[in-house]
Amino acid sequence: MQFIGLIALPLKASILAATITWLLKDGVGMLGRILFAWLKGSRLDIDCKKWRLIADIFNDVAFLIDLLAPAGGDWFIYFAVTSSLLRSFVGVAGGATRAAIIQHQARRHNLADVAAKDGSQETLVNLTALICSLILLPIVHGKILLVWTCYFFFTAIHLFANYKAVRSLNFDILNERTLALSVRQFIDSKSVPSITEANRQEPLFGSVTGRRHFGCPLGHAIPATASSKSHFVRYEKTTSEGWLAIAASTTSFDQIRFAFELEYFALTNRSPTDEDCSKFEKLMKASGWRFDVNHIGFDEWRFTADT
């Protein structure tokens with residue numbers, strides 16, 4: 001009986017350690033999803049391409065941590081928790097950006113149709129990966145160098161393919177970067193880029209301009225460099241930082257026009273005329289850009305204008 005008790009003790013300890021590791025891993029993953037959605041949720045539409053690519057990078061790093069975990073010894077739990085945290089980010093960023101891309105691809109408002117076919121495509125890819133795994137596993141088993149070679153080779157292909165896929169997207173909804181590129185070309189040549197040109201020139205990381213605060217509290221946009229009953233624009237040339245406060249009654253069209261005014265002022269140090277605004281709007285609409293909605297990144301602050 002004493003012998004059986006000595007055997008059972010490490011067995012119980014192992015079960016307890018595995019249970020605690022599993023609870024910590026899943027708990028941190030849940031907290032990570034909540035925290036990430038709170039911090040970056042509003043940016044997933046604005047920087048859809050960027051976060052689609054970052055989700056793929058995080059996913060590949062999580063796989064790397066999983067491969068390293070068995071050699072971690074006492075640090076295994078930290079590897080497991082970090083991997084779970086990264087995958088929680090992937091779940092939020094990947095799922096949200098996927099929804100935005102499917103919405104963009106549903107050109108005939110056939111969202112359900114595109115989503116169903118996208119799901120079928122993903123299933124086919126996963127099935128192909130499963131078959132390839134069954135073929136490769138016996139070949140790489142016990143060969144550490146070959147395992148790492150395969151990992152880095154397939155990871156490089158995965159990231160390159162996803163980069164090219166993201167770059168092939170041509171969104172017709174203006175965000176902060178495509179608007180800034182369009183305003184710059186308008187000032188230089190009185191023309192605007194096509195949807196394809198602007199999406200090709202748009203950087204995935206970094207900014208085309210200085211920092212912008214669209215839809216900021218009214219007090220941040222004062223003293224204003226330009227204003228009306230519906231908006232206040234403030235621009236600091238020394239820091240290349242701009243603020244735009246808008247009224248509660250503004251529409252998406254108004255937001256784009258006021259953002260155009262801020263970028264125009266930033267580049268020329270003067271406000272655009274009504275003729276400039278009208279011409280920019282006409283050229284942009286002729287190129288296929290939408291003004292009924294935007295992803296410029298306006299915050300929720302609004303002020304009430306007295307009439």
Side-chain angles (χ1 to χ4, degrees), residues 37-51 96 100 171-188 192-193 198 202-203 205-285 289-307:
W38 174 59
L39 290 173
K40 296 296 181 181
S42 62
R43 302 298 304 181
L44 297 178
D45 279 310
I46 300 165
D47 298 324
C48 179
K49 299 177 187 178
K50 168 186 170 181
W51 286 107
F171 290 116
D172 57 358
I173 299 175
L174 286 165
N175 62 19
E176 184 180 330
R177 296 186 184 96
T178 50
L179 174 68
L181 289 168
S182 300
V183 176
R184 183 172 297 175
Q185 182 169 323
F186 177 77
I187 292 170
D188 291 340
V192 296
E202 178 191 4
F205 300 94
S207 176
V208 178
T209 63
R211 193 174 180 186
R212 298 289 182 265
H213 307 274
F214 295 110
C216 67
L218 180 59
H220 294 181
I222 295 175
T225 51
S227 65
S228 71
K229 286 186 177 181
S230 300
H231 77 295
F232 286 80
V233 172
R234 177 186 164 206
Y235 181 72
E236 293 291 342
K237 191 174 182 179
T238 54
T239 59
S240 299
E241 195 168 2
W243 294 263
L244 174 56
I246 57 175
S249 59
T250 54
T251 63
S252 175
F253 170 83
D254 296 326
Q255 291 173 3
I256 294 173
R257 183 161 186 161
F258 298 152
F260 164 75
E261 184 177 333
L262 172 56
E263 296 304 332
Y264 193 99
F265 188 93
L267 291 168
T268 64
N269 203 33
R270 65 178 179 85
S271 296
T273 63
D274 290 339
E275 184 181 352
D276 289 327
C277 294
S278 298
K279 187 172 183 179
F280 178 76
E281 176 201 342
K282 183 178 179 181
L283 290 172
M284 291 293 284
K285 287 183 175 179
W289 292 100
R290 294 178 60 181
F291 273 57
D292 60 319
V293 63
N294 70 77
H295 288 157
I296 296 174
F298 279 84
D299 205 347
E300 300 302 320
W301 293 96
R302 300 290 186 272
F303 66 85
T304 303
D306 293 330
T307 54

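Worth knowing before you read on, the calculation uses all heavy atoms, side chains too, and leaves out hydrogens, waters and symmetry mates. Heads up: numbering here begins at 1 and tracks the sequence.
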Between atom SG of Cys216 and atom CZ of Phe298, what is the distance when rounded to the nearest 0.5 Å?
9.5 Å

Sub-4.5 Å side-chain heavy-atom contact between Ile256 and Leu174
yes

Side-chain touch Ser207/Glu176, heavy atoms, less than 4.5 angstrom
yes

Donor-acceptor contact present, side-chain Asp188 to main-chain Gln185, <3.5 Å
no

For Ser271 and Glu261, work out which heavy atoms get closest and say how close.
OG-OE2, 4.2 Å

Worked verdict on Glu263 versus Arg212 for side-chain contact (heavy atoms from CB on, under 4.5 Å)
CA-CA 10 Å; Glu263 296 304 332; Arg212 298 289 182 265; 2.8 Å; yes

Which distance, rounded to the nearest 0.5 Å, do you find between the CZ of Phe232 and the OG1 of Thr225?
11.0 Å

Return yes if a side-chain donor-acceptor contact under 3.5 Å exists between Glu241 and His213, otherwise no.
yes

Roughly how far apart are Asp299 CG and Ser42 OG, rounded to 0.5 Å?
7.5 Å

So for atom CG, which belongs to Asp274, do other residues, nucleotides or ligands contribute more than 12 heavy atoms lying within a distance under 6.0 Å?
no

Which pair of non-hydrogen atoms, one from Ala100 and one from Asp45, has the smallest distance, and what is that distance?
CB-OD1, 3.9 Å

Rounded distance [0.5 Å steps], CG in Leu179 versus CZ in Phe186
12.0 Å

All heavy atoms of Phe291 vs all of Met284, minimum pair found to be CE1-CB, 3.6 Å

Does the side chain of Lys49 reach to within under 4.5 Å of the side chain of Phe171, using non-hydrogen atoms?
yes

Does Glu275 pair with Lys279 as a salt bridge, N-O distance under 4.0 Å?
no

Please confirm whether Phe280 and Tyr264 have ring centers closer than 6.0 angstrom.
no

Val208 and Arg184: which non-hydrogen atoms are nearest, and at how many Å?
O-NH2, 3.3 Å

Where is the tightest heavy-atom contact between Thr250 and Ile246, given as atom of each residue plus distance?
OG1-CD1, 3.5 Å

What do the steps show when you test Thr178 against Trp289 for side-chain contact (heavy atoms from CB on, under 4.5 Å), and what is the final call?
CA-CA 10 Å; Thr178 50; Trp289 292 100; 4.1 Å; yes

With heavy-atom distances below 4.5 Å as the criterion, would you say the side chains of Phe265 and Pro272 are in contact?
no

Would you please test Gln255 and Phe214 for side-chain contact (heavy atoms from CB on, under 4.5 Å) and show each step?
CA-CA 9 Å; Gln255 291 173 3; Phe214 295 110; over 6 Å; no

Looking at every heavy atom in both Ala198 and Leu181, which two are closest together, and how far apart are they?
O-CD1, 3.8 Å

Atom pair CZ (Arg234) and OG (Ser227), whose distance is rounded to the nearest 0.5 Å:
13.5 Å

Can you measure from CZ (Arg43) to CH2 (Trp51) and round to the nearest 0.5 angstrom?
9.5 Å

Measure the shortest side-chain to side-chain distance between Pro203 and Arg177 over non-hydrogen atoms and say whether it is less than 4.5 angstrom.
yes

Indicate the ring-plane relationship of Phe258 and His231, choosing parallel, tilted or perpendicular according to the 30° and 60° boundaries.
parallel

Set out, in order, the CA-CA distance, both residues' side-chain angles and the distance that settles side-chain contact (heavy atoms from CB on, under 4.5 Å) for Thr268 and Ile187, then state yes or no.
CA-CA 8 Å; Thr268 64; Ile187 292 170; 3.7 Å; yes

